[in-house]
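Notes follow once the structure below has been shown.
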Amino acid sequence: MNRFIEKKDSLSSGIRLILCLAVLALASFKPADDQGGNSGKGKIKTIVIDPGHGGHDSGAVGRQSKEKDIALQVSLKLGKRIEKELPGVKVVYTRTTDVYPKLYERPALANKHHADLFISIHCNSGGASSRRVKNSRGRYVTQRVLNTSAKGTETLVLGFSRTGDQDVAIRENASILLEDNYEQNYGGFDPKDPSSYIVFSLMKRQFREQSIKLAAYMQDQFAASSRVDRGVKEQSLAVLATAGMPAVLTEIGFISNPDEERFMMSAAGQESIVTDLFNAINTYRKNVER
Ligand SMILES: [Zn+2]
């Protein structure tokens, strides 16, 4: 698994990815009869909260803030709220400081702790576009313009959608490119190549239904707080691929939108987001513990 893999060799890299993820998953999965809330009857005992990005990986960058910092602040506040209001539930974080755990290490930690939920927290970005403008000397130059119009919240679960709809997955999976030895760790998977994403459709979808349920509760809460609801989406996300429990990645707003960036940076905005996420988790918990 150590040799260089050509990017165009997507079938081979796909098989490598499946083998690699299967090994990771097998190494950290727990037996099916010990899966807490997954049966619909168990208790939610442990929740892993994963603040997106960190360290050298800033994630999306707004005018005044970085995704990694907002994700960490909201994650720590969410964890505190869970510990305070649900004292029987243990919270485990993938990071509590500005460091970067590799994407595959995050669900592996959740598997190790036999977690009942995995929640990854991120900020969205409308990205930037290029336009040709005349400079002061009358020459045309390319200028990068932040797309400020996109806004709202969306929550993602592992799945496969058509290549053109993988925009968030491509951006979030790009963190892999900043990791050392990523060819080995992800079996030659190329985060920039949408065609290699099809391998995720072959992954087990054991926790799909419950993941969608939790994601839908989150979006219901955001909508009730008058946030724009972009819905629940299935995307091929490396950070969710090997989680042995219901797992979601929630995009709590667009850092590229100045109003939403201010909201996500403010104490009141973070309080609102934390309350929405907590209510969704609590609704899910009551539902599976019923
Ligand atoms: Zn992100």
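Positions are given from 1 along the sequence. Only this structure's heavy atoms are used, side chains among them; waters, hydrogens and symmetry mates stay out. As the structure lists them, so they are numbered: ligands from 1, and atoms in each ligand from 1.
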Taking the Zn ion (ligand 1) as the vertex, how big is the angle to OE2 in Glu67 and ND1 in His122, rounded to 10°? 100°
Can you tell me, to 10 degrees, how wide the angle at the Zn ion (ligand 1) is between NE2 on His53 and OE1 on Glu172? 90°
Side-chain donor/acceptor of [X] to backbone N/O of [Y], under 3.5 Å:
X: Glu261; Y: Arg63; value: yes
X: Gln210; Y: Val288; value: no
X: Asp116; Y: Thr46; value: yes

I'd like to know: is the Zn ion (ligand 1) within the 2.8 Å range of an N/O/S atom from Glu251, strictly under that distance? no
Taking salt bridge (charged side-chain N to carboxylate O under 4.0 Å, His left out) as the definition, give me every residue that meets it alongside Arg262, ordered by chain and number, with sequence neighbours left out. Asp259
